[in-house]
Trainee: 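First the structure, which I've put down as structure tokens, then a few questions once you've had a look.
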Amino acid sequence: MIDSSAFFVVPCHNYHRIVELLLSSARSKSTPKGLQLHGYILKSGLFLIPLVSNNLINFYSKSQLPLDSRRAFEDSPEKSATTWSSIISCFAQNELPSMSLQFLNKMMAGNLRPDHHVLPSATKSCGILSRCDIGRSVHCLSMKTGYDADVFVGSSLVDMYAKCGDIVHARKVFDEMPERNIVTWSGMMYGYTQIGENEEALWLFKQALLENLDVNDFSFSTVLSACANSTLLELGRQIQGLCVKSSFGSSSFVGSSLVSLYSKCGVLEEAHRVFDETPLKNLGIWNAMLKACAQHSDAKEVIEFFKRMKLSGMKPNFITFLNLLNACSHGGLVEEGRYYFDLMKESKIEPTDKHYACLVDTLARAGKLQEALEVIKNMPIDPTESVWGALLTGCTIHKNTELAAFAADKVFELGPVSSGMHISLSNAYAADGRFEDAARARKLLRDRGEKKETGLSWVEERNRVHTFAAGDRRHEKSKEIYEKLVELGEEMEKAGYVADTSFVLREVDGDEKSQTIRYHSERLAIAFGLITFAKDRPIRVMKNLRVCGDCHNAIKYMSVCTGRVIIVRDNNRFHRFEDGKCSCNDYW
DNA sequence: TTAGGGTTAG
């Protein structure tokens, strides 16, 4: 029932007052007030006035009620370009991008030309759908109508191409635009971070500063995530300073990027501080903090944070659960892993292959190989490489060579395999005595001209990054680094360290094996840290691959012999070595 | 006195 008595004070002929009320309901997100207004508008016949019905469409759009918006659109007697623009933008903003494009077609079928308000919305819809093909048509349309010179249209095109991964066209549009603003620049920076060209994104940010553009929370969060991706701690700190100065320090988007930056750089305390100091916490910052705890192997704390998050009224999404499940698998928490997996279904969130991979990983690492296999068999979606890969890893740890080879077969059946996977497959077959298949896996790797990703470790020193590969002698302090490692090696052996050469897969004799292992990239990076940094400063090393078992053991001895804290981040988590122990409890 | 473009967390 709609009660119009509340509007007795509103003179019927003054529809401007109604428009004002609609606008203020949209702004204050007061849906009930808007619904009452709608009743009044219908009763009084005011919906016949285009300005009123257009505003009604916009009110529903801002209230995230696109279907009601559509009804208001249908009721509107005179559909001008503005009316179409309102409804097309409504669908683009309310997760109905396909419908937004359908309405663009309808608009054109009625001989109305899309203008500079419609085109950005339509382009945005193409970006959301990752439909570069349709996006190109909209681009052509913009050029034909001359609206491609408009800064809104151009910026939306840059973003659309970036979202579709077509950085070349994004850049072409960007370069050819007659006028650019901070939105255009942010879109371009975002595009580069999406394809891993973080340095290019940083360079653009610097240009934006030099051109005196008003950088804002959007640009800050993007550039900070570029720093996070490249673990550029010092640069990130400097940019944080700029954020604070320009009063974007309390933005939750900026906060999420900062939490992620500090977490990825191994400075967990700072991540906590940023989290605590961000006044309005959105889902992103909660997820970033959960991920930070998970990366630093604090499964219990992840669970505590999750409880706090629910108490604060924040609803989890699929990323939240991915972090929870990840924490459970790293912490060896089998029961908890199962619990959160079921909780996700209760929360009506469909598990993706990555969620299944986490569950399988948890079970398989704990030695529950048959259960893990059952989970895979009962999956409602097709198991992917990461799911079978998780089973394979567990089988390797628990030396079930037959099941490992079976998992490897399944991976092979899926078709092309990612580069690191060939080695795992080959090893699984070899362990099961299937040498021909092992050779086949290796041959595939060679045929495709792929090499195993080179293992690299790096250390940040002020604004410089020192990178090392295994056996690398290119560094200017190479001589001191190797001397340090030899000296330290002797102390470590006295303390009881024995090199375990089974981690070297190449077929070489024993001596050469221990030589190779002695100079893995992380050891060179640590030695550099030892001879460079003050004694009380932790040595932070980043690595792109997993740390091998022997290095993991060796670094424990290094922490004892030198009395230093050594923090190593591998491709998915942190190891904090202190007094001969590692924070991962040897479970990684 | 209506309508348009960019961000975080995986």
Side-chain angles (χ1 to χ4, degrees), chain A residues 15-20 22-23 26 49-59 61-62 69 76 80-90 92-93 114-125 127 147 150-160 162-163 170 177 180-191 193-194 215-226 228 248 251-261 263-264 274-275 278 281-292 294-295 314 316-323 325-326 352 354-355 358 572:
Chain A
Y15 63 84
H16 293 302
R17 177 73 186 131
I18 293 293
V19 170
E20 269 172 32
L22 275 174
L23 284 167
I49 297 166
L51 180 62
V52 176
S53 62
N54 287 351
N55 271 288
L56 196 56
I57 298 170
N58 297 334
F59 159 74
S61 170
K62 288 194 179 118
S69 199
S76 153
S80 64
T82 304
T83 320
W84 284 97
S85 163
S86 299
I87 194 68
I88 290 170
S89 112
C90 167
Q93 284 168 13
D115 62 10
H116 56 306
H117 286 287
V118 172
L119 288 166
S121 297
T123 311
K124 174 181 167 145
S125 297
Y147 286 122
D150 182 272
V151 65
F152 278 74
V153 174
S155 304
S156 68
L157 285 167
V158 168
D159 179 65
M160 183 274 295
K163 285 212 167 74
M177 279 170 70
R180 288 182 288 251
N181 62 18
I182 190 61
V183 178
T184 330
W185 284 77
S186 302
M188 200 62 235
M189 278 158 49
Y190 171 74
T193 64
Q194 286 309 95
V215 290
N216 57 19
D217 43 348
F218 282 81
S219 23
F220 277 125
S221 62
T222 308
V223 77
L224 283 168
S225 78
F248 292 109
S251 150
S252 53
F253 281 94
V254 171
S256 318
S257 301
L258 282 170
V259 168
S260 168
L261 167 79
S263 162
K264 284 181 177 158
V274 172
F275 180 82
T278 303
K281 297 172 178 53
N282 65 2
L283 182 55
I285 200 167
W286 279 104
N287 282 343
M289 202 58 231
L290 287 170
K291 168 81 180 171
Q295 271 185 319
M314 185 59 72
N317 70 352
F318 75 105
I319 298 173
T320 317
F321 281 103
L322 213 49
N323 289 332
L325 293 170
N326 229 319
T352 66
K354 291 197 179 83
H355 295 94
C358 282
N572 74 107

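Residue numbers start from 1 in every chain, and the chains themselves are labelled A, B, ... in the order their sequence lines are given, proteins ahead of strands.
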Trainee: Report the distance from atom OG1 of A:Thr222 to atom CD of A:Gln194, rounding to the nearest 0.5 Å.
Mentor: 9.0 Å
Trainee: Enter the distance from A:Leu56:CG to A:Ser69:OG here, rounded to the nearest 0.5 Å.
Mentor: 8.0 Å
Trainee: Can you check whether A:Gln93 has a side-chain N or O nearer than 4.0 Å to OP1 or OP2 of B:dA3?
Mentor: no
Trainee: Taking only side-chain N and O atoms of A:Lys124, does any of them lie within less than 4.0 angstrom of OP1 or OP2 on B:dG6?
Mentor: yes
Trainee: Within the 4.0 Å heavy-atom criterion, would you say A:Phe318 contacts the bases, only the backbone, or no part of the nucleic acid?
Mentor: base
Trainee: Remember a base hit wins even if backbone is also touched, and classify A:Ile182 as base, sugar-phosphate or nothing at under 4.0 Å, heavy atoms.
Mentor: base
Trainee: Looking at the base of B:dG5, is there any donor atom on it, or on the side chain of A:Asn181, that sits under 3.5 Å from an acceptor on the other one?
Mentor: yes
Trainee: Counting any heavy atom closer than 4.0 Å, what does A:Ser121 reach on the DNA or RNA strands: base, sugar-phosphate only, or nothing?
Mentor: sugar-phosphate
Trainee: Just checking A:Asn317: base, sugar-phosphate only, or nothing, at a heavy-atom cut-off of under 4.0 Å?
Mentor: base
Trainee: From B:dA9, B:dG6, B:dT2, pick the nucleotide closest to the side chain of A:Val183?
Mentor: B:dG6
Trainee: Under 4.5 Å between any side-chain heavy atoms of A:Leu322 and A:His355, yes or no?
Mentor: yes
Trainee: Where the side chain of A:Leu283 is concerned, which of B:dT8, B:dA9, B:dT7 is the nearest nucleotide?
Mentor: B:dA9
Trainee: Looking only at side-chain atoms of A:Asn216, point me to the closest of B:dG6, B:dT8, B:dG5.
Mentor: B:dG6
Trainee: Would you please determine if the base of B:dA3 is stacked by A:His117, with stacking meaning a centroid separation under 5.5 angstrom and planes under 30 degrees?
Mentor: yes
Trainee: Quick one: does A:Asn323's side chain have a donor or acceptor within less than 3.5 Å of a partner on A:Asn326's backbone?
Mentor: no
Trainee: Check each residue of residues 83-90 of chain A for a non-hydrogen atom within less than 4.0 Å of any atom in DNA chain B, then write out the ones that pass by number, or none.
Mentor: A:Ser85, A:Ser86, A:Ser89
Trainee: A:Thr278 side chain to A:Lys281 main-chain N or O, any donor-acceptor pair under 3.5 Å?
Mentor: no
Trainee: Identify which nucleotide among B:dT8, B:dT1, B:dG4 has an atom closest to any side-chain atom of A:Phe152, counting heavy atoms from C-beta outward.
Mentor: B:dG4
Trainee: Evaluate the side-chain proximity of A:Asn317 to A:Asn287: yes if any heavy-atom separation is below 4.5 Å, no if none is.
Mentor: yes
Trainee: Among B:dT7, B:dA9, B:dT2, find the nucleotide with the atom closest to the side chain of A:Tyr190.
Mentor: B:dT7
Trainee: Checking A:Asn58 side chain against A:Ser61 main chain: does a donor-acceptor pair fall under 3.5 Å?
Mentor: no
Trainee: Between B:dT2, B:dG4, B:dA9, which one does the side chain of A:Leu23 approach most closely?
Mentor: B:dT2
Trainee: Applying the 5.5 Å / 30° rule, does A:Phe253 stack onto the base of B:dT8?
Mentor: no
Trainee: Please give, in whole Å, the distance from B:dT8 P to A:Asn323 CG?
Mentor: 16 Å
Trainee: What's the closest nucleotide to the side chain of A:Ile319 if the choices are B:dG10, B:dT7, B:dT8?
Mentor: B:dG10
Trainee: Need one value for A:Asp217: base, sugar-phosphate or nothing, where a base atom within 4.0 Å counts as base even if backbone is also close, heavy atoms only.
Mentor: base
Trainee: Just compare B:dG4, B:dT7, B:dA9 and give me whichever is closest to any side-chain atom of A:Asn287.
Mentor: B:dA9
Trainee: Show the nearest heavy-atom pair for residues A:Asn282 and A:Ile285, with the distance to one decimal.
Mentor: OD1-N, 3.0 Å
Trainee: Is any side-chain nitrogen or oxygen of A:Lys291 closer than 4.0 Å to OP1 or OP2 of B:dT8?
Mentor: no
Trainee: Closer than 4.0 Å, any side-chain N/O of A:Lys163 to the OP1 or OP2 of B:dG5?
Mentor: no
Trainee: Indicate, with a heavy-atom threshold strictly under 4.0 Å, whether A:Val118 touches base, sugar-phosphate, or nothing.
Mentor: nothing
